[in-house]
Amino acid sequence: MTMLRDVDYVLQKLDWMRAEGIWPNGWRYLWTDAFGVVLYVSLYAETGEERWMGEAARLVADVERVLGRRRGLRIGEAADRDGQYFHYLAMWLFALARLGDLKPEYRKRGIALARDIHPAFVVPGRGVIWKMQEDLSSPYPGYRLGSMDAYDGDVAKRFAELEKWARKNLPVGDVVGRWCNEDYDTADRIPYAGEPDPKMGSSATRRS
C-alpha cells in the first residue's frame with residue numbers, strides 16, 4: 001500500500017513549514033516530532049532516498065538533546081510545555097518502532113525508554129496516570145489516573161479489526177478518509193470537534 005500518494009505536495013508543505021520556522025526548525029514538541037519521524041520514514045519508504053533516514057536520525061537526536069531527561073522526555077521545549085504525558089511518550093515509542101523497522105538500534109532505544117517510564121505511569125490494577133512531573137517523581141498537580149489512553153488505544157484497535165473484517169467479507173475499496181477529534185475544555189463543557197470553520201479561522205471548530 002502506498003504510504004504517501006502525493007510526495008511532491010508533502011515536500012512543498014515541508015519547505016513551507018521550514019521557511020516559516022514552524023517545523024522541523026521550530027521549537028521541539030514531542031507530539032509533532034513523533035509524527036515527523038514517521039513522515040521521514042514514510043518518505044524513505046516511498047522514495048528510497050537515504051537523506052530521509054538521515055533526517056529521521058537527526059530529528060531523534062535533537063529531540064533527545066532538547067527534551068531528554070534522566071528518565072523520559074519532556075512534553076515540549078516551550079516553558080508551558082513541562083511535565084511528561086503518557087500518550088505523548090506512547091506516540092514517540094511508536095515513531096521509534098517505525099524507525100526501528102529499518103534501524104534496529106532505535107527499536108532497542110524505544111524498549112529501554114518504555115521500561116524506564118512504565119513504573120512511574122502505571123499503577124498496577126488501577127490504571128495509567130495521565131501526566132507526571134518532569135522528573136517522574138509524582139503525578140503532575142491536578143492530574144491523576146486517567147482512562148483516555150487505554151480507551152483511545154482500544155478504539156483504534158477496534159477500527160483496525162473492523163477494517164480487516166470488511167476487507168475479508170465485503171467488496172470494499174481503499175479507505176478514502178479517517179477522522180478523529182480532540183475535545184477542548186470549554187467553559188460550558190460542550191466539546192468542539194470536526195473540521196475548522198473557514199469563517200472563524202483555523203482554531204475554531206464545529207460544535208458537536
Side-chain angles (χ1 to χ4, degrees), residues 3-4 7 9-44 49 51-100 103 105-107 109-110 112-114 116-117 120-121 128-143 146 148-149 152 180-186 192-193 195-196 200-205:
M3 293 184 181
L4 299 173
V7 173
Y9 173 80
V10 172
L11 296 181
Q12 289 173 10
K13 286 296 184 181
L14 278 174
D15 288 341
W16 174 79
M17 287 192 293
R18 188 177 291 107
E20 295 292 325
I22 298 172
W23 190 89
N25 51 339
W27 281 10
R28 297 273 62 87
Y29 186 49
L30 189 59
W31 184 263
T32 305
D33 288 331
F35 279 96
V37 172
V38 175
L39 174 62
Y40 284 147
V41 172
S42 299
L43 283 169
Y44 171 77
E49 297 179 12
R51 63 172 172 144
W52 299 120
M53 291 300 292
E55 292 289 348
R58 277 189 288 273
L59 179 55
V60 170
D62 201 35
V63 167
E64 292 180 343
R65 178 184 61 84
V66 176
L67 304 182
R69 297 298 183 262
R70 188 178 67 84
R71 297 175 61 202
L73 295 164
R74 178 185 164 104
I75 292 168
E77 186 174 358
D80 62 345
R81 291 173 174 174
D82 58 340
Q84 295 193 42
Y85 272 134
F86 183 78
H87 63 301
Y88 280 37
L89 289 162
M91 184 59 68
W92 184 249
L93 291 172
F94 173 78
L96 290 179
R98 295 288 69 78
L99 184 55
K103 293 190 173 183
E105 64 267 28
Y106 288 96
R107 183 176 294 276
R109 196 176 303 187
L113 174 62
D116 204 23
I117 65 173
F121 279 97
V128 177
I129 297 172
W130 182 249
K131 184 179 181 181
M132 294 289 292
Q133 295 277 18
E134 194 166 303
D135 61 359
L136 300 184
S137 60
S138 61
Y140 197 88
Y143 289 77
M148 288 306 295
D149 288 314
D152 289 345
C180 66
N181 83 304
E182 182 168 338
D183 293 343
Y184 294 82
D185 191 10
T186 59
Y192 286 84
E195 297 178 357
M200 299 180 67
S202 60
S203 64
T205 52

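- Side-chain atoms of Gln84 come within 3.5 Å of backbone N or O of Arg71 as a donor-acceptor pair.
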Can you give the donor-acceptor pairs under 3.5 Å from side chains of residues 59-68 to other protein atoms, not counting sequence neighbours?
from	atom 1	to	atom 2	distance (Å)
Asp62	OD1	Arg65	NE	3.3
Asp62	OD1	Arg65	NH2	2.4
Asp62	OD2	Arg28	NH1	3.0
Glu64	OE1	Arg109	NH1	3.0
Glu64	OE2	Arg109	NH1	3.3

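- Taking each heavy atom of Trp130 and Phe121 in turn, the nearest pair found is O-CE2, 4.2 Å.
- Side chain to side chain, Asp33 and Trp23 meet the donor-acceptor criterion of an N or O pair below 3.5 Å.
- Rounded to the nearest 0.5 angstrom, Leu39 CG and Lys13 NZ are separated by 13.5 Å.
- Closest non-hydrogen pair, Arg51 versus Leu11, comes out as NH2-CD1, 4.4 Å.
- Here CG of Asp135 is found 10.5 Å from CZ of Arg69. Values are rounded to the nearest 0.5 Å.
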For this session: Any chance you could lay out the side-chain contact (heavy atoms from CB on, under 4.5 Å) test for Leu43 and Glu55, step after step, and finish with the verdict?
Result: CA-CA 10 Å; Leu43 283 169; Glu55 292 289 348; over 6 Å; no
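- In plain terms, the two heavy atoms of Pro141 and Gln133 that are nearest each other are CD-NE2, 3.6 Å.
- Atoms OH and CZ, on Tyr40 and Arg58 in that order, are 8.5 Å from each other to the nearest 0.5 Å.
- Atom CG of Leu93 is separated from atom CG of Leu113 by 5.0 Å, given to the nearest 0.5 angstrom.
- Atom CG of Leu30 is separated from atom CG of Leu73 by 5.5 Å, given to the nearest 0.5 angstrom.
- Between Leu99 and Ala56, the closest heavy-atom pair is CD1-CB, 4.1 Å.
- When every heavy atom of Arg74 is checked against every heavy atom of Glu77, the shortest pair comes out as NH2-O, 4.2 Å.
- When all heavy atoms of Glu134 and Asp82 are compared, the pair lying nearest together is OE1-CB, 3.8 Å.
- Looking at residues two or more places apart in sequence or on another chain, you find a ring-ring contact (aromatic ring centres under 6.0 Å, His included) between Trp31 and Phe35, His87, Tyr88.
- With sequence neighbours left out, Tyr140 forms a ring-ring contact (aromatic ring centres under 6.0 Å, His included) with Tyr143.
- Here the straight-line distance linking atom CD of Gln12 with atom CE of Met17 works out to 12.0 Å at 0.5 Å rounding.
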